[in-house]
Each structure stands twice: as C-alpha cells, then as structure tokens.
2 protein chains.
Amino acid sequence: MTNAPRPKLADVARVAGVSTGTASKALTGRGALRRDTRERVLAAAEKLGYEPNVAALGLVSGRSYTVGLITSDQLGRFSVPVMLGAEDSLATGQMAILFCDAREDPVRERHWIRTLSARNVDGILVTSLRSDPRPSLSDLVSVPVVYAYSPSERPDDISVVPDDAQGGRLAGDHLLEVGRTRLAYVGGPASYTASHLRLRGFREALAAAGLDLTTAPLFVSWEEEAGRQAARMLLRRGDEFDGVFCASDQIARGLIDELSSAGVSVPDDVAVVGFDNWDIMTLASRPPITSIDMNLTKVGDVAARLLTEAIAGEASPGEHRVECTLIVRGSTV
Amino acid sequence: MTNAPRPKLADVARVAGVSTGTASKALTGRGALRRDTRERVLAAAEKLGYEPNVAALGLVSGRSYTVGLITSDQLGRFSVPVMLGAEDSLATGQMAILFCDAREDPVRERHWIRTLSARNVDGILVTSLRSDPRPSLSDLVSVPVVYAYSPSERPDDISVVPDDAQGGRLAGDHLLEVGRTRLAYVGGPASYTASHLRLRGFREALAAAGLDLTTAPLFVSWEEEAGRQAARMLLRRGDEFDGVFCASDQIARGLIDELSSAGVSVPDDVAVVGFDNWDIMTLASRPPITSIDMNLTKVGDVAARLLTEAIAGEASPGEHRVECTLIVRGSTV
DNA sequence: GTGAAAGCGCTAACAT
DNA sequence: ATGTTAGCGCTTTCAC
C-alpha cells in the first residue's frame, strides 16, 4: 500500500512551467504547440509518472473508455476463450472491461444494463454458451452492442458466431480424404441449432462426393455417456459404418471408448471426428481425437473489433462467421 | 440503440421543484430533509429513470466503486469459479469489476496495475491457477489487495486459499471409514505446494488411526495419462493396496481406467478418491469418482468480502483458509 | 503558441 | 429545511 497522491495535470503543468491548458494539449496531441514546449510537458509527465484520471476524462468527454461484457449464460469452457479474445483486442485499444455475469437470468441482465448505462460504457459485448439466437438488447441501451457466440435474434444487430456448417464440411471432407465412405453422424440435442448446422455442413461435404449418411443421424445429449449410448445404437443397427462425426468431443470420447470395448478398432475399423477441440477430451482419449476447433478466441477478437468500430460510428450489422479449423489426431489416421 | 440523453440530477431537481443540493441530499439519504420533499425527489428520480453518473461520483469522491480483478494465470477451470464467487458478493455491494487478464506475464501485470490506478479502483483482487505463493503487489499500489487461490508471499497481505491439508484429511478419513487400511497417494508434480499439503493432511488422518501409507507417495503430472502410469507403477511394485487418494480427478480417472483394464475392480478391490470435484471427470468416469471439492466459489466470495472490508478500512491480514468438502460417489462405495 | 476560464455531473460546506 | 456555491481533474473555447 504505497501512498503519495497521484500526480495530476496541474502538477505536470507546474513542473513544465506551463498552464494546464497547454499541458493538456501537449499530452493529447491536439492543438498547435511549439515542439520544445510539448517535449517539456511530456518529460514532466514521464518524470512524475502521470496518468490521467479516467473519471475526469469521462466526465468531460461523456465516454468511459470502458465496455461491458455480459455473459448471459453459465460461464464456462466456451465463454472464457471468447472473453480472452475480446479482452486482448479491447485492452490494446485502452478499453477496460467491466465483467458482468448474468447467469441466464433476465433480471440480472436488466440489472447489469442499468449499471452499465450509469457507468456510461461505450459499448456492450454479450456472450452466451448456447449458439442459439438470443433476445436483442438494442431497444434497452443507447450504445452499440455486439453479440459473440450466441447471435441476436435481430438480423440487423451485430453478431459474431463460429461457422458450424463449415466445421461440419471440414469433418466430412476429412473423413472422405482418409478414405471413409460409410458415414454416421451423432449430434447433440435436436433443440440446439448447432446440432443441425454441423450436420448440414457434414452432408454437404458428402453430397459433393455423391454420398449421404449411411445411417440416420442420431441426436443425443452432449456428454460422454451419450457417446457410449450412441455407439451401442450404431452397432445394434447393424448398418456398416467406417466413419463417425460427433458434434462434441465428449460424445466422440464416449463413442470411441464404447467402440473399443466392443472390439471395434479406432481408427482402423472406424474413424472418428469430434468437435470443440477441447484438449482435456481429445488428448486424454485413446486414440487422441481428431477434432474441429471453433477458434473461439478469434470469435471474441472479431467481436471486440466490431464493437470498437461500432463505437467509432462504423457499424457492420449482420451475422459475422468465423471459420473453424480441423485438427488431425489419431482417431482418423 | 435507444436515444434520449440520460436524465441528470438537475433534471430530477427541476421536476421535483427543488435545488440540486436538496435533490442530492434526498437521493443519498444524507442531511436533514422534510419527509415530503424527500419523497417528491425520489418520485421524480423514479419517474425519469435517474441513475447517478458514476464518473461524476468518482470525481468528487475520489473513489470509483470499481475493483480490478487480475487473473495472473491462464484463466481456466479454477479461476472461473473464484471470479464468479467474487462477482456475486461484489456486485451486491454495487461494486463493478474490471476484468484484467495478465496471462502469467509480469509485464502485462504491470500494465494492468497502471491502468487500474489511473481508474482509481478501490481495491484489487488477484487470482491465479497455481496454489503456490506469488509475489506481493502491495508495494506497487495504494489500494487494498486480496489474493484469492494463490496466496501472496507476504504473510501480512490478505490471502484466501482452499485448505488443501484439510481436504487431504477428508480423503483419509473417508477411506478409513469405508474400511480401507492399505493406502497409497498419487500427487501432482512435487513442485506444487498443493501436492504436499494434500499428502500431509492425508497422512495426518491415517496417523490418527495409527496407520501410514503402505507404499511411498508418487508425484506425477496432473493429467489422466499420469494416472494411468501411476496405476501401472503401483501394480508393478507389488505392494498390496486397497485405497488410493489422487490429488486430481484427472489422475484418479486415468488410474481407475488402468486399474479396470488390469482386472482390478473399483471400488471392490481398490477404493479411489480424487480431488477438484470436476464433474466432467468425476461423472464421466466409470465408476463415478468420489472427490474433494475446494469450494472455489466460496474462496472468491470470501476474498471479495475481505476486500470490501479492507476498502472500508477494516483489514484482516493473513492467510484465510476455506474448507474443502467430500463428495461421495461410486469409486469408494 | 499560450494562458484564463467555463463547464462536464455531482457532493458538501456554507448561507439563508 | 432548503438553496447557493465551490470544487473534484480534465478538455476546450476564447482571448491574447
């Protein structure tokens, strides 16, 4: 707990032998000043370790150099990379981030909206766990809002989402490349948009090769146990299959586990592709799982960039998609 | 993007037919006012949807009603619950949280310290992934700092940590209760304080029953694969054992997996207790894993409370420990 | 090119 | 009990 009150502009001005007005111009770079005056001020500021008081800046500019980050859903594996990506690009722009956890609760969300508006935030970033569209906040606030991961219901809002369909295509292309032709799909719950988008992309890839799924798509829950069940169902059906695309790494891990127990070799008999590229799952599985990475950090980064632009008055409405990436591991090669 | 400039105190005062000074007294509850005057002001504020401008408050009070939350380590599974716990108790106190990710990088940490001081934060919460002591920030800042999860090196700083030793005792007591007497310990890397504290507590529990480990403690890495290796080592040693305490759920899962493959039944032949209570691991394992929960949300909550107190001038220096909890599942019963 | 002064929204002394 | 006013730290006209 060091003390010594922080130096203010008046201190800098005094040390530099100028008025506060001049010091301000020198520090902000606005207005016309003699070179040596400017340098004297800069030197004084440096010497004193001067940092402008953000509250004062905010009062005069009406801005806060702060954005709100509302996580509308259980904060977890998905939101965190998005947050970090956003933080990175906002922080380099001198923006600070107010962290607001709304826990899927509209009441808490309202509370945060009020708080953020009282704090004059320059913009708001909204992120959720589910990739399904969420209600727009645009009518409630007077600053730009960008939705990351889970898009707004309103198409003219600014949203950034992973390209699930393209991820599905990657999975399909890869399985075809490693010579698989009798393919199955195990999605998450049918209530999730992502389950369908990933399937659609997967089918598009197969269609481009003149193929389709060998056996009807399965929709289960996201967990490992669901993957085990799915494996049992596929085996029981009796349809021959040599490749499976699972909509989560957890499903993939459970499925691989059960296939192995049943004497089916992965990848020799059946190649498996997962989704999420969650290393805790992909690397712990035997064999490790080939997976689709949603590049969530990039999602956050792009969202933050768009927010910064929107704050500057350059809006780019609509849904922006971030490409997925294929990570090849032992479950397919 | 609703517009309409936010009402200010002057607007409230005008509507209520009083001066701004009076309106301020009514709203803050300070000073003496006639009851109906106060109510008129309150009604006007309510009607206009008035929220005080935080920048102005900050300028006059020198406070910001904001705390910085610095995550000094890769933000992940451990930091997130701590953050959420902290958020919860700070938000109810009208405090907002500035989210600062320092990524284990001292340079970034310095950057944030400067930023936070420019923003006049009222206090700082520091959280890290590792439970080993970290360098103190006290000499760099002029506001209270509380360290959550990873304590400060300086014993007179305020730190909040999970009680690893007590967690180890819980594990020991439980294994004894379910009738196990030939016990082994598999820790994380020896470089982690937590590996030793958990072992110490475990041994204390055994000692209280006149026992000690049957076989020398193992120190491996935290992952599943390490658990598998540990299982092989224990089996190879040939020492008989009927209970194992693992310092992470990942280790426990790998160990259970390998024991099962080797024909050793869990929990019939060997009971296993994990640590972290990470459901992705504990529930996906077969059998599900009995584990020790560090109550990280509580750690964050306590840290936030202590920070609030410290800001109010009531310091409670020292290391505060939060108790762990035993969660019983199929791997021991 | 530089300084003086007003004003951002609010609170707290001080008048009345 | 209420109104008036100074001032928090800064930027920005407006004079000089």
Side-chain angles (χ1 to χ4, degrees), chain A residues 4-42 44-45 48-66 94 114-115 117-122 142, chain B residues 4-42 44-45 48-66 94 114-115 117-122 142:
Chain A
R6 284 194 322 117
K8 40 176 151 179
L9 186 62
D11 299 320
V12 175
R14 191 167 27 69
V15 169
V18 297
S19 72
T20 60
T22 304
S24 172
K25 281 170 202 141
L27 261 5
T28 57
R30 286 184 271 265
L33 247 46
R34 252 187 12 234
R35 178 191 225 109
D36 64 305
T37 313
R38 157 162 294 131
E39 278 165 3
R40 226 163 354 113
V41 173
L42 259 33
L48 297 176
Y50 170 75
E51 289 279 353
N53 178 322
V54 177
L57 286 181
L59 196 51
V60 57
S61 69
R63 296 190 43 184
S64 61
Y65 305 93
T66 302
Q94 304 282 30
R114 287 180 68 105
T115 303
S117 110
R119 285 172 182 261
N120 281 317
V121 291
D122 301 336
S142 54
Chain B
R6 284 197 319 118
K8 38 178 158 180
L9 187 62
D11 298 322
V12 175
R14 191 168 27 70
V15 170
V18 298
S19 72
T20 61
T22 303
S24 173
K25 280 172 204 139
L27 261 6
T28 57
R30 287 184 270 263
L33 249 46
R34 252 188 13 235
R35 179 192 222 109
D36 64 305
T37 315
R38 158 162 293 131
E39 278 165 3
R40 220 153 10 105
V41 173
L42 260 31
L48 296 176
Y50 170 75
E51 289 280 350
N53 178 323
V54 177
L57 285 180
L59 197 52
V60 58
S61 68
R63 296 189 43 183
S64 62
Y65 306 94
T66 302
Q94 304 284 29
R114 287 179 67 102
T115 303
S117 109
R119 285 173 182 263
N120 283 316
V121 292
D122 300 335
S142 54

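In what follows, every chain begins at residue 1, and chains take the letters A, B, ... in the order their sequences are listed. What's counted below: heavy atoms across the whole structure, side chains too, no hydrogens, waters or symmetry copies.
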Looking only at side-chain atoms of A:S19, point me to the closest of C:dC10, C:dA4, D:dC8. C:dA4

Does a side-chain heavy-atom distance below 4.5 Å link A:V41 with A:R38? no

Between B:R6 and B:E51, does at least one N-O distance fall below 4.0 Å, as a salt bridge requires? no

Atom-pair distance (CZ on B:R34; C1' on D:dT2), nearest Å: 9 Å

In whole angstroms, how far is the P atom of C:dG7 from the NZ atom of B:K8? 11 Å

Between C1' of D:dC8 and CG of A:N53, the distance in whole Å: 9 Å

Closest to the 5' end of DNA chain C, once A:T20 and A:R40 are matched to their nearest nucleotides, is A:R40

Between B:K8 and B:D11, is the closest basic N to carboxylate O distance under 4.0 Å? no

Using the side-chain heavy atoms of A:S24, tell me which of these nucleotides is nearest: D:dT12, C:dT2, D:dT2. D:dT12

Does the side chain of A:R30 get closer than 4.0 angstrom to OP1 or OP2 of D:dT11 through an N or O atom? no

Protein-nucleotide distance (A:N120, atom CG; C:dG9, atom P), rounded to Å: 9 Å

I need the CG-P distance between B:D11 and C:dC10, as an integer number of Å. 9 Å

Are B:L42 and B:L27 close enough that some pair of their side-chain heavy atoms sits under 4.5 Å apart? yes

In whole Å, I'd like the distance from the CG atom of B:L9 to the C1' atom of D:dT4. 14 Å

In this structure, how many angstroms lie between the P atom of C:dT11 and the NZ atom of B:K25, rounded? 11 Å

Quick check on C:dC10: is either OP1 or OP2 less than 4.0 Å from any side-chain nitrogen or oxygen of B:Y65? no

Can you measure B:L27 atom CG to C:dA12 atom P for me and round it to whole angstrom units? 13 Å

Side-chain N or O of B:T22 closer than 4.0 Å to phosphate OP1/OP2 of D:dG3: yes

DNA chain D: B:S61 or B:A32, which has the more 5' nearest nucleotide? B:A32

With a 4.5 Å heavy-atom cut-off, do A:R119 and A:T66 have their side chains touching? no

Name the nucleic acid region contacted by A:L57, choosing base, sugar-phosphate or nothing; use a 4.0 angstrom heavy-atom cut-off, strictly under. sugar-phosphate

